[in-house]
Number of protein chains: 2
Amino acid sequence: MAMDQPGPADAAASRRDLAVARSLDPARVRAEKRVKRFLDAGFELLAGPSGSDFTVQEVVERSGQSLRSFYQYFDGKYELLLALFEELVRVTAEQLEQQVAEEQRAVDRLQRFVVEYHRLCRPGTKTRSARRVPTSALAQFGQQLMTTHPEEASRAFRPLVSLLEELVRQAAAEGAVRTDVPSIRLAGVLLQATMFNAFAGTISGSPGAADDGAEEFWSLIFEGVRAG
Amino acid sequence: MAMDQPGPADAAASRRDLAVARSLDPARVRAEKRVKRFLDAGFELLAGPSGSDFTVQEVVERSGQSLRSFYQYFDGKYELLLALFEELVRVTAEQLEQQVAEEQRAVDRLQRFVVEYHRLCRPGTKTRSARRVPTSALAQFGQQLMTTHPEEASRAFRPLVSLLEELVRQAAAEGAVRTDVPSIRLAGVLLQATMFNAFAGTISGSPGAADDGAEEFWSLIFEGVRAG
DNA sequence: GGAAATTGAGAGGAACGTTGCCGCATCCGG
DNA sequence: CCGGATGCGGCAACGTTCCTCTCAATTTCC
């Protein structure tokens, strides 16, 4: 499950790899297996009603392992949440990269990214692997992460940011996107606005459960608020 | 503690609506004073490095009162945070309403709202009353609130939403803002995007501490991402 | 087969939110 | 002026949660 990509600039050692790397080669398989069981249990609990407020005891019980093992592989609950966050960002970026590749024009790829990621960030969506994605629960942890440890947050978001920035760059080269703002800034604003847009309905108090409003959101982002 | 509002529209019964009960019981004055001391202590602690992770003990000590009194006026730490959140939204809405009134055209009022609220939501800003506003700390609680208690969150945000929705309506009547999206939805998206835009820099990993990027953000929101 | 590492089970400590108890002060009707 | 009621500070205690530690059993490796 943990695959290393020997890509050029992406040599960021993820938390999961670090946890696994605590054991050496022969025992590495067992260690990976145990770490995976903790991560799976964490994802299941994140999908629950309590969000990220689960107990380490729950993780331990659900993983069928012991507290002793947990603290051997993770420095604490924070490290587990960080590993879950990185893992989720990583698989989300992979999924989006595949979906985006279906589009021909750069603008369409950009729109596809925003729409699909918007849907992922709405609570109650499932991935293609039928595993429920607790994006909204992890968004809360992500926000906490951004305020308390900005550098780690930036590092965790890198896969998504890199992908989106490349899409923005291509769309700009196609002449479809404004170029008076650096593409990295554009990517940051887009990602943030998309990720937290699920809260817009809650803020305004309107349910709007009929459609998810992904296309409407894209229209607002792409064409702006100004009257046509 | 919970009073119903017989008023027409603006009578949102806030958690701290003990105010203006001036000529009533003298005991009420004392109670108000004590509540205010707890709230002030809470605001000071929110401005600290720990954010909303402060201890009720700290609140009690800083307010110079007792634990016994705290639990007489608040059902728990959650209720205190909720009261702080509502209070902050209330005074922010009042402040923005005054600033917005300085502009003549409806579009300028809308821009002024977005730019000023954007600045408020950046960490490290101060209000005109020289009291530090822990908006970023409370944004985290606000997000948690939106996921766990959407109705209470919606109610707490009402002052800001009502003001912004009115500004959008006026700008739409002026023909400056698109009308194919209900103004309440537009207000929700605008408020959310503005409030969390401070995280865009953290996500993209770019410091960007030179300017706060409020005008750039407004440009992106107003004119969109599409190439001119 | 035996040494060494790893794991499971549980005890327990520290921090925090919350409640209960006691004693004192202040208020209030008679 | 007074006696109960309420408010309030100080303090200890309880439950929960995160985390550390010990000890024995098991597995792995040579």
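Per chain, numbering begins at 1; letters A, B, ... match sequence-line order. Side chains included, hydrogens not; waters and symmetry mates left out as well; all remaining heavy atoms used.
- The nearest whole Å value for the distance from the CZ atom in A/R30 to the P atom in C/dG8 is 11 Å.
- At whole-Å resolution of the value, CD in B/Q57 and C1' in C/dT19 are 13 Å apart.
- Straight-line distance from the CG atom of B/L81 to the P atom of C/dT18: 10 Å, rounded to whole Å.
- Between A/F196 and B/F199, the ring planes are tilted. Angles from 30° to 60° get that label.
- Aromatic rings from A/H149 and A/Y78 are positioned such that their centres are separated by under 6.0 Å.
- When rounded to the nearest whole Å, the span between CZ of B/R37 and C1' of D/dC8 equals 11 Å.
- Contacts between residues 63-70 of chain B and DNA chain C, counted as heavy-atom distances below 4.0 Å, involve B/L67, B/R68.
- A straight line from CD of B/E58 to C1' of C/dT18 spans 17 Å, rounded to a whole angstrom.
- The nearest whole Å value for the distance from the OH atom in A/Y71 to the P atom in C/dG10 is 17 Å.
- Counting to the nearest Å, the P atom of D/dC8 and the CD atom of B/E61 are 19 Å from each other.
- Residue B/F54 is in sugar-phosphate contact alone, with no base atom involved, counting any heavy-atom pair closer than 4.0 Å across all strands shown.
- In this pair, B/F38 and B/Y73 present their aromatic rings tilted. The plane angle is within the 30 to 60° band.
- Minimum atom distance to the side chain of A/Y73 is reached by C/dT7, of the listed C/dG17, C/dT7, D/dC18.
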